[in-house]
Visitor: 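Pasting a structure below so you can have a look.
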Amino acid sequence: MGFDLFVIPFTAGLAFLLVWFLYKTVEWLSHLNRVDRTMLRRGVISSKTVRSVKEVILESLLHRKIFRTNPLLGYMHMSLAFGWFLLIVAGNVEAMIFKPATIHPPYYPIFFRFFEPEAAGFPGAKAFEFIMDFLLVFILSGVALALFKRIRSRALGMKKTTRLLWYDRLALYSLWCIFPFRLLAESITSGIYQTGGIVTGSLGNILAGLIPLQSFEYPAWWAYSLALGLFFVALPFSRYMHIPTEVVLIFLRNYGIHTRNSYSSYSEIEVYSCSRCGICIDPCPMSEAAGIQNIQSVYMIRNIRYKTPDEEVNDNCLMCGRCNIACPVGIVTTDLRAIARNERHLSGNLHLTIPATSSPHHDVIYFAGCMGQLTPAVTQSMETILQQAGEDYLFLDKEESICCGRPLALAGRIAEAKQLMEINRDKILSSGARTLVTSCPICYKVFREDYHLPINVMHHTQYLHRLLMQGRIRLRSQNISLAYHDPCELGRGSGIYEEPRQILRLAGNLLPTASEKEKSICCGGSLGNTVLNQKKRHAITEYSLESLTINNPDTIVTSCPLCKKTFAQRSDRPVLDIAEVVKSAIFRDKDNIRIRENYQIPAEEFSS
Amino acid sequence: MHTRKHILVIGGGVAGMESAIHLCDMGYEVTLIEKQDQLGGHVLKWDFLFPDHRPAYEITNELCPAVEEKATIKLQTEVKNIVRQNGHFEVALSDGEKLTADALLVATGFDLFDAHKKEEYGYGIYDNVITAAELEERFQNKIPIRTAAGKKPARVGFVHCVGSRDEKVGNEYCSKVCCVTAVKQAMRVRESLPGCEVFCFYMDLRMFGRYFEDLYREAQEKWGVQFIRGRLSEAAEDIDQRIIVKLEDTLAGRPLRMAVDLLVLLTGFVPSEGTRRMATMLNLPLGNDRFIKPSDEHLRRNLTPVPGVFVTGASAGPRSISESISDARAAALEIAAWFNNSSQHAI
Ligand code: SF4
Ligand code: SF4
Ligand code: SF4
């Protein structure tokens, strides 16, 4: 076992990296809040850990998700990550077989060829030569692709690639150097000793004819070690920190930890896990339709990481969540953005002057929401349906519009929002209703996630679906073709995709669109963005309409009052809410009344 | 003897008729096509005109017979296709006829904004929300002003700028004539229903024409019409089918809720379907209001960049009747000047 001065850059770099990462991990874990720490403790000894290990292999090494979105890009990531991983493993195995019963310092397998230039004769020596060469070529192909991507990102199917910061440059360039240097160093040594696999051996022979190998050998190994050392030192400060951090992220996520409404350790881990792959750029409607290229999650996250907050970047986003779905690392970017927005300093107090009232007794509460107030055709349809189904309901905000509290929370007024929610909570619960139905997906999400109501909270798509399943209303299929738009907050936000589709299949002929379900494109009306001008909004609306009308439906259907209003302004065909479709397709006859009379309300599931 | 130049006027509203009459008087041969079964356009639907309350039929009574006498009129006819060939236009009409024209005058005008698109105002949902055009129709047909339930309204509201000056619907421009129309109609409602309160909800009042300000003053002083500055955010219906309007009174600086028995929407101008079609067919440039853009907004208001194609009336932006009439005469002169110039250059 040898030692040589040139191993120092590598060894020191590696030591630095390990210490740094260990320190970071301990810091992160110790800063987790109580709830998260409990989840972590419970999770470690469960099957979740096994699941995490599997995910680490599939995602951190094989990059399966990137493969799915873009095979060439996936190959690039996989060849670098998985190839390097295998190279290290194979190198260690080789060293162990060659000299069993010794504990090798970490640099030994890495520089094996230098220390054991004539290693041969141990079992599988030839095979190892071949495997090591093969892996090196595999990695080099990835490096070549990465180089190519920098020059021409479109070639890898991405319209935009990310801009670089200088730490990233340092890390990137040293990364690019590592494997070519390794190839060079190994080939030279092979050339001198007439060993090596097909690649290094033959390259060595060629080089022998061109340069005096002896005098180049030592510098080449130095260069290799320096490139490695530099990369390891630059890594924690560069985007490559995502490589180790993503592993931590995967475990914590599987334990059920996630970003809540303030910046936590987990948020920071998310931020560090962003590889700045830029996959979130292309699906963003802001870049695709509105030509705004600087606000995508990759940039927003980079600003958080380097503490260069930019309000404009934070604000100019639809919060549509399309990037969340696209992100191969599974970062919930919209949560990070919401927190970044709330960092803003708010001055002054708001005084709420909303009287607390109690409500008369009813079985069901219908809540239109402030956006629902702007689409009377929807609320009217809902009332007709509720009556038709014989429901004992209360239209809570019929007379006076009531705010669910979300706008206040979005504006960073968390305390005021809480106060408002308490008042609303009393209004709802005092009616004794067991179900709350709302027409607005935003209100739905807020009622479900922030109000902690001990009753069933349903969006009207779910409620209408339930009425149909229970036979309390029936539909007559219309001879009309429909295209369904998944509202951001209902689809990606709440995962409700099937109920509306099942309803619409009963009401007419449901046609596919170009971007269904989690790929649905924001209507452009999003309240999550207060700075986008109308022209750009219109561009996004038209972009979304284009996808919806690809099969030329008679009518566009959605289930969010805001989407409906937004589309209606730009659409060349009618835009209806699903409640309107149901209302006009409802089947009314004596039969229906009989069904209602015989109908018994089953024991409902309580949500908490 | 060389044949007379032939001009095809597309659209038989006031602008098209007035131009056709003057072109005929100048010795040109004119064919005027109109897609409806009657000449007159939007004016046919107005009962009386601002600012002097004269009956609208006086306009059509004068223009229609004059143009019918002088020009070739084709009703229920639209342009199917236009091909330019050696300085002529070969035009295929919807009735199968083909004709050759030396110049085209686009007088296809405007449509009223579709109030359904402003769903928050409840048009088409609540029975007591109507448009100004529907109110005018009631005036014209001497139908008394009543609510959907047949009761005398105790309070009527007029909403200005419906579909105009509204970024959200994509119409940022002012439609120009709806303010004064609201004032005119508000006065008439007060006149025919003494004791009924009348409110106008406006953003700001655009009394741009001669005598318009007098009309506005008279509405307040003589008829007690109340003007409230603020944009309506939404309208809802109560149990008695009254319309609850919500707005921010921007002069008083406080939110306002008010119940009215009848709500009248002053829907603005949008380029008519015909105007949009002609612009596409002839490749005419549009302003950002999507109306046709003339070559020069001051000096060549009827000329377009396409040689031989001219524009007049509300196809080139919101206009009042009197403005359309002056503009139509200007268009006739512009066409004559163009013929004179091009004959000098010997086509
Ligand atoms: S947020 Fe996700 S998709 Fe976007 S750059 Fe980061 S890792 Fe890639
Ligand atoms: S949430 Fe939507 S608008 Fe915002 S960055 Fe992601 S994809 Fe773009
Ligand atoms: S004329 Fe008056 S009502 Fe009409 S768009 Fe202009 S400001 Fe609005």
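Residue numbers start from 1 in every chain, and the chains themselves are labelled A, B, ... in the order their sequence lines are given, proteins ahead of strands.
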Visitor: If you count every heavy atom of other residues, nucleotides or ligands that lies below 6.0 Å from B:N283 atom CG, does the total exceed 12?
Guide: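 Not buried by this count: 12 neighbours or fewer within 6.0 Å.
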Visitor: Counting only non-hydrogen atoms closer than 4.5 Å, does A:A377 touch chain B with its backbone (N, CA, C, O), its side chain (CB onward), both, or neither?
Guide: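 Contact with chain B is through both the backbone and side chain of A:A377.
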Visitor: Which residues from residues 158-178 of chain B are near chain A, with near meaning under 4.5 Å between non-hydrogen atoms?
Guide: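 The stretch touches chain A at B:E167, B:K168, B:V169, B:G170.
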Visitor: For the backbone of B:K117 and the side chain of A:Q569, can you confirm whether one donor and one acceptor N or O come within less than 3.5 Å of each other?
Guide: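 Yes; judged by distance alone, with no hydrogens or angles, the pair exists.
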Visitor: Any chance CG of A:N479 has more than 12 other-residue heavy atoms, nucleotides or ligands included, within less than 6.0 Å?
Guide: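 No, not enclosed.
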Visitor: Nearest 0.5 Å, what's the NZ-CD distance between B:K246 and A:Q373?
Guide: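 CD of A:Q373 is found 4.5 Å from NZ of B:K246.
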Visitor: Between A:H538, A:K535, A:R570, A:R537, which shows the greatest number of heavy-atom pairs under 4.5 Å with chain B?
Guide: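 Ranked by heavy-atom pairs under 4.5 Å with chain B, first place is A:H538.
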Visitor: Under 6.0 Å from the CD1 atom of B:I239, do we count more than 12 heavy atoms belonging to anything else shown?
Guide: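 Result for CD1/B:I239: open.
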Visitor: B:G122 and A:P376: which non-hydrogen atoms are nearest, and at how many Å?
Guide: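 Closest heavy-atom pair between B:G122 and A:P376: CA-CG, 4.1 Å.
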Visitor: Could you tell me the separation between the CD atom of A:E580 and the CD1 atom of B:I125, rounded to the nearest 0.5 Å?
Guide: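 A:E580 CD to B:I125 CD1: 7.0 Å, rounded to 0.5 Å.
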Visitor: Looking at every heavy atom in both A:V378 and B:E119, which two are closest together, and how far apart are they?
Guide: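 Shortest heavy-atom contact: N-OE2, 3.9 Å.
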